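Numbers for residues simply follow the sequence, beginning at 1. Side chains included, hydrogens not; waters and symmetry mates left out as well; all remaining heavy atoms used. Small disclaimer: the values here were computed from a predicted structure and weren't measured.
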Amino acid sequence: MLISTWKKVKRFLLLLLTFSVLVSVLIRPEVAISKELSQRINSKPAIVLVHGAFADGTSWQHVIPLLEQDGYKVTAVQIPLTSLADDVATTKRVIDNQNGSVVLVGHSYGGNVITGAAAGNSQVKALVYVNAFAPDVGEKTSDLNKKYAAAPISKAIVPDAANFLYIDRGKFHEFFAQDVSKAEARVMAATQKPIASAAFEQSLNEIAWKKIPSWFIVTQSDRAINPELQRFMAKRIGAKTTEVNSSHVPFISHPKEVAKVIEAASTAL
């Protein structure tokens, strides 16, 4: 009786061992694939987005989902627009909070910010200028704007009592976002974030694009930054350049094209 029971126990243990081995073999490919996918996602650089004047981080609302669905961690900085130094410092804090390498993206005035914030930072592996200013050492935004004919938006900028600048809401759609629906442009105009006029007269002592690879999106129908000025800056910094027939806000009207350039920069690392 005892011997019979022991034989049954041995058979049960053998079956259990066989089942365990079989399950392990069956699930191993899935586990390996899952681990490989996880490593692949984790190896992607973090994307840090910096908005420009007259806007905030929600400007990137159409681009962020496209990047996230491709496995990127994305952070949109909320710069104060009180001074170039303040905006650079705010962006540096966000960069320092990322794990691993970073692709730093700036739009318009945000190009000044990323140029300063990435300087001397080995964590930033690529810069993406989305129709953005790319200044040299000591070069002010106002200096750059004088190199070519004034952009039409110059007729629509108005200061408040504290000398912060706005875009006249009645002219916002025409000069800033002509290829965006009027309904969306009205919301953008109503929520615009003013910039201290002094920020356009400030410059950087150290710049990043001389050491970090750059990408540049030129917007051909831009009424806020002369497209010829954009081409000049893109060539000067040696950027890989893409042209889009867009207004000043390609991240709203052409988000797929913008996301594609950002991802191209990230995969070139």
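The side-chain heavy atoms of Ile114 and Tyr129, taken from C-beta on, include a pair separated by under 4.5 Å. The side-chain heavy atoms of Thr90 and Val77, taken from C-beta on, include a pair separated by under 4.5 Å. Counting heavy atoms from C-beta on, the side chains of Leu104 and Thr91 come closer than 4.5 Å.
For Phe54, there are no ring-ring contact (aromatic ring centres under 6.0 Å, His included) partners at least two apart in sequence or on another chain. Partners of His248 by ring-ring contact (aromatic ring centres under 6.0 Å, His included), not counting sequence neighbours, listed by chain and number: His107, Phe176. Partners of Pro152 under the side-chain contact (heavy atoms from CB on, under 4.5 Å) rule, at least two apart in sequence or in another chain, are Phe175, Arg223. Qualifying ring-ring contact (aromatic ring centres under 6.0 Å, His included) partners for Trp60, counting only residues two or more places apart in sequence or in other chains: Phe251. Remark: Ala162 pairs with Asp160, Phe164 by the side-chain contact (heavy atoms from CB on, under 4.5 Å) rule, at least two apart or across chains. Annotation: side-chain contact (heavy atoms from CB on, under 4.5 Å) contacts of Ala53 (sequence neighbours excluded): Tyr109, Ile195, Phe200. Annotation: side-chain contact (heavy atoms from CB on, under 4.5 Å) contacts of Ser142 (sequence neighbours excluded): Lys140, Glu201. By the side-chain hydrogen bond (donor to acceptor under 3.5 Å, both in side chains) test, Asp179 pairs with Ser247, Ser253, sequence neighbours left out.
Here salt bridge (charged side-chain N to carboxylate O under 4.0 Å, His left out) pairs that include residues 180-192, with residues two or more places apart or in two chains, number zero. Sorted by first and then second residue, the pairs that involve residues 118-136 and meet salt bridge (charged side-chain N to carboxylate O under 4.0 Å, His left out), not counting sequence neighbours, are Asp136-Lys210. Among residue pairs with one or both ends in residues 236-263, those qualifying as salt bridge (charged side-chain N to carboxylate O under 4.0 Å, His left out) are Glu139-Arg236, Arg231-Glu243; sequence neighbours excluded.
Hydrophobic cluster membership for Tyr166: Val158 (Ile, Leu, Val, Met, Phe, Trp, Tyr linked by side-chain heavy atoms under 4.5 Å, directly or transitively).
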